[in-house]
Q: 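Provided herewith is a single structure, encoded as structure tokens, for subsequent inquiry.
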Amino acid sequence: MRIGLLVAVIAGFWLVAYADLERARGRAIHDGLRQTANLSTLLEEDARRVMVVADHALRATAAEGTIPAYLVGETAGALGATTGPGPALRNLMIVERDGRVRQAAGLHKPASVADSPLAEALVGESRAFIGPYREADGGWRAAMIRPLANGSAMAVAVLDLDRFARLYATQDIGPLSIILFYGENGVVLSHSRSGMRALDENRAFFASVLPRLPAGENARTLSGLDPTEGRERIGTVRRVAGWPLYVYVRIRTEDVLAGWYDDRWKRILETAAVSVVVLLLAWLALRQLGRLETTTQALRASERRSQALFDSSFQIMGLLAPDGRVLALNRPACALAGLPAEALVGHRAWEFRGWARTDELAAAFRQSIEKAASGRFVRYETDVVADGLTRVMDVTIKPVYDDGGIVTVLVVEARDITERVEAAERLATALDQAEAANRAKSAFLATMSHELRTPLNAIIGFSDIMLHELFGPLGSPRYRDYARHVQNSGRHLLDLINDVLDMSKLEAGRYTLDESWMEPAEAIETCRALAAVPADVGGVTLAVECPLDLPNLLADERALRQVLLNLLSNAVKFTPRGGRVTVSAVREEDGRIAITVRDTGIGIAADALARILEPFQQADSSISGRFGGTGLGLSICRDLMALHGGNLSIDSEPGRGTAATIRFPADRTGRPVAADGLPA
């Protein structure tokens with residue numbers, strides 16, 4: 001359908017162009033015919049005047065027997081026989097019948113015309129028209145002959161036919177057109193086209209085809225096929241009034257239509273260009289229309305999907321106008337109102353008790369809609385009664401703006417949050433209970449840790465007295481071993497209690513730092529000395545790599561030593577005999593101080609790295625049986641570093657060792673320390 005319409009439109013363009021071209025062609029032909037008619041009239045008048053002037057001169061000469069004085073020595077043009085390009089009456093003569101020239105006037109004065117085409121006419125007794133003939137100089141002439149009144153000689157007027165050729169050549173009628181001046185016998189006297197060899201050699205060449213007019217007809221317009229050339233032509237043939245002569249202006253159709261041909265190609269190109277543009281525009285329009293149809297179909301499908309989602313949503317959803325009128329509702333909203341959508345659309349939203357069961361709730365709903373219509377996002381909670389149960393709803397009203405920033409639609413959503421509210425209440429109750437239990441736990445741990453420390457100190461002290469036999473020998477050597485076991489067990493238990501107490505303080509937020517400026521190298525060396533004994537016992541090499549110009553550090557020295565000792569203890573504990581533990585410290589580019597404890601021990605699996613920093617967690621369940629410990633050390637180290645604003649990170653690979661790094665922030669570092677202990 002669209003292609004057919006497009007073809008019809010383009011065909012209409014071409015039909016209009018064809019009709020215009022045909023009208024233009026008709027006008028061109030008509031203008032050509034008018035041109036030939038006008039030109040033939042002018043040329044016929046020119047020929048008539050020439051013939052009248054020549055005849056007048058000839059009669060005057062014949063009547064007087066001599067050339068009148070006013071003609072002698074004067075050019076024919078002075079008598080009016082010149083028109084256009086030169087004189088038409090070339091000579092006026094009185095010639096004896098034997099050809100001798102008695103008297104002559106004009107441009108050429110021959111002594112005799114005996115050898116010319118005029119000789120035969122001189123012996124006659126009547127008027128004659130001789131020509132065309134060619135003179136020795138190559139010019140074409142014609143002559144009018146009249147006997148003198150006394151019959152003694154002949155008066156001769158010689159016409160210059162080349163003058164007509166020059167006049168006709170000045171007419172702009174086209175290179176393929178021609179103007180002919182000929183007699184009743186069809187012999188051409190003169191014509192406008194030079195170089196027509198056949199016509200110059202035989203002036204009667206066109207005698208059989210040149211038109212002649214019957215008596216009483218002075219002019220005729222011709223059109224159609226020219227038999228002499230086999231081409232279309234138009235023209236006008238006109239009789240020279242009073243003379244058996246004709247002027248024929250014949251114009252080739254190609255010459256008449258030369259401008260039309262140019263306009264035709266221009267019009268064809270213009271129509272083709274318009275057709276191409278129309279095709280292009282139509283293609284673009286069809287393409288855009290196809291896209292529009294695709295978009296429309298997609299939009300309709302999207303609308304159907306959106307409506308399906310809109311209706312299938314468990315949430316209450318609706319669209320309101322800024323004045324509160326209902327535009328659209330989904331099924332849950334209609335169910336809550338207890339009315340079908342047809343009864344709700346177009347009415348104010350706060351008028352339905354299913355949504356606002358009291359006047360106060362309706363007023364609050366209306367105020368919320370008015371706030372949203374002013375461009376504000378509104379969110380609040382309200383109670384509704386659904387199926388006889390009071391439900392808590394979370395309501396949001398969002399404004400939607402047009403391109404001009406004006407609110408055009410309000411989107412209302414209501415979600416049932418009854419279970420969430422109830423769960424929040426239960427969670428709040430559980431949190432209160434958990435906080436109370438945590439406080440009780442912390443108090444219990446603090447109390448029990450204090451109560452346990454007192455007898456443990458006594459056990460450790462008395463076992464130390466027994467080991468040193470301050471009050472005398474113990475007797476059996478086994479008692480010394482028993483006392484050593486009692487002392488070691490008491491110290492281990494005291495360490496565990498100290499860890500638990502520190503953990504409870506950190507969790508309760510009651511651990512405070514005793515900060516001061518210190519040299520981290522001294523703390524590292526102190527911890528190395530304390531860890532050297534178990535390292536020697538375990539056959540582990542312990543090394544320190546610390547630069548001499550390491551900056552001072554603002555930290556709790558006891559906490560730093562506790563962290564380093566814990567990390568060194570773990571490194572030594574989990575490094576097999578022959579291994580190596582290295583403590584290194586460096587100031588990083590961002591100004592932080594990093595202390596790393598690196599070992600060549602058993603390493604930690606990747607899945608265990610995520611949990612070993614949590615309280616009571618170890619790499620695997622067999623470690624506590626093989627190496628002892630509660631799993632609190634790394635958690636305490638992490639929390640102590642967090643109190644300093646730093647962090648603890650652990651990198652490890654099973655079988656390749658572990659690197660534990662603690663970092664202090666840049667604002668806790670001071671000026672570098674020189675080798676002599678003074679600020680650098």
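Only heavy atoms go into these numbers, but all of them, side chains included; no hydrogens, no water, no symmetry mates. This chain uses plain numbering: 1 for the first residue, then up along the sequence. Given the structure is predicted, the values throughout are model-derived calculations rather than measurements.
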Q: Can you name the side-chain contact (heavy atoms from CB on, under 4.5 Å) partners of Thr661, sequence neighbours left out?
A: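 With sequence neighbours excluded, Thr661 shows a side-chain contact (heavy atoms from CB on, under 4.5 Å) to Ala594, Thr596, Ser649, Arg663, given in chain and number order.
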Q: Could you tell me whether the side chain of Asp556 and the main chain of Asp514 form a donor-acceptor pair under 3.5 Å?
A: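 Checking the backbone N and O of Asp514 against the side chain of Asp556, a donor-acceptor pair under 3.5 Å is found.
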Q: Quick one: do Val411 and Leu319 satisfy side chain to side chain contact (heavy atoms under 4.5 Å, CB included)? Show the steps, please.
A: CA-CA 5 Å; Val411 180; Leu319 301 178; 3.8 Å; yes
Q: Taking salt bridge (Lys or Arg N to Asp or Glu O under 4.0 Å) as the test, write out the residues that go with Lys398, two or more places apart.
A: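 For Lys398, the residues satisfying salt bridge (Lys or Arg N to Asp or Glu O under 4.0 Å) (neighbours in sequence not counted) are Glu413.
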Q: State which residues pass salt bridge (Lys or Arg N to Asp or Glu O under 4.0 Å) with Arg561; sequence neighbours excluded, sorted by chain then number.
A: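 With sequence neighbours excluded, Arg561 shows a salt bridge (Lys or Arg N to Asp or Glu O under 4.0 Å) to Glu557, given in chain and number order.
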Q: Can you sort out the partners of Arg426 under side-chain contact (heavy atoms from CB on, under 4.5 Å), two or more places apart, ordered by chain and number?
A: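 side-chain contact (heavy atoms from CB on, under 4.5 Å) list for Arg426, sorted by chain: Glu422, Ala423.
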Q: Take atom CZ of Arg668 as the centre, draw a 6.0 Å sphere, and report whether it contains more than 12 heavy atoms from other residues, nucleotides or ligands.
A: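 Result for CZ/Arg668: enclosed.
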Q: Shortest non-hydrogen contact from Tyr401 to Gly375?
A: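 That closest heavy-atom pairing would be OH-O, 2.9 Å.
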Q: Does the Thr600 side chain pair with the main chain of Arg580, one donor and one acceptor, at a distance under 3.5 Å?
A: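 At least one qualifying donor-acceptor pair exists.
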Q: State which residues pass side-chain contact (heavy atoms from CB on, under 4.5 Å) with Ser368; sequence neighbours excluded, sorted by chain then number.
A: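 Only Val378, Tyr380, Ile397 meet the side-chain contact (heavy atoms from CB on, under 4.5 Å) criterion with Ser368.
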Q: List for me each residue that meets side-chain contact (heavy atoms from CB on, under 4.5 Å) alongside Asp536, sequence neighbours excluded, and say none if there are none.
A: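 Scan of Asp536 (side-chain contact (heavy atoms from CB on, under 4.5 Å), adjacent residues dropped) gives none.
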Q: Checking the side chain of Asp599 only, and the main-chain atoms of Val581 only, is there a donor and an acceptor separated by less than 3.5 Å?
A: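 Not a single qualifying donor-acceptor pair exists.
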Q: For the side chain of Ser374 and the backbone of Lys371, is there at least one donor-acceptor N/O pair under 3.5 Å apart?
A: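 Between the backbone of Lys371 and the side chain of Ser374 there is a qualifying donor-acceptor contact (under 3.5 Å).
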Q: Taking the side chain as C-beta and beyond, is there a heavy-atom pair between Leu640 and Leu560 under 4.5 Å?
A: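 Heavy-atom side-chain distance check fails, nothing below 4.5 Å.
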Q: Could you tell me whether the side chain of Arg348 and the main chain of Asp323 form a donor-acceptor pair under 3.5 Å?
A: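 Looks like yes, one N/O pair under 3.5 Å.
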Q: Do Thr669 and Phe664 pass the side chain to side chain contact (heavy atoms under 4.5 Å, CB included) test, and can you show the C-alpha distance, the side-chain angles, and the key distance before you say yes or no?
A: CA-CA 8 Å; Thr669 62; Phe664 291 90; 5.6 Å; no
Q: Looking at Gly657, is its backbone amide N or carbonyl O close enough to the side chain of Ser652 to form a donor-acceptor pair, meaning the two atoms are under 3.5 Å apart?
A: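 Flag set: sc Ser652 to bb Gly657 pair under 3.5 Å.
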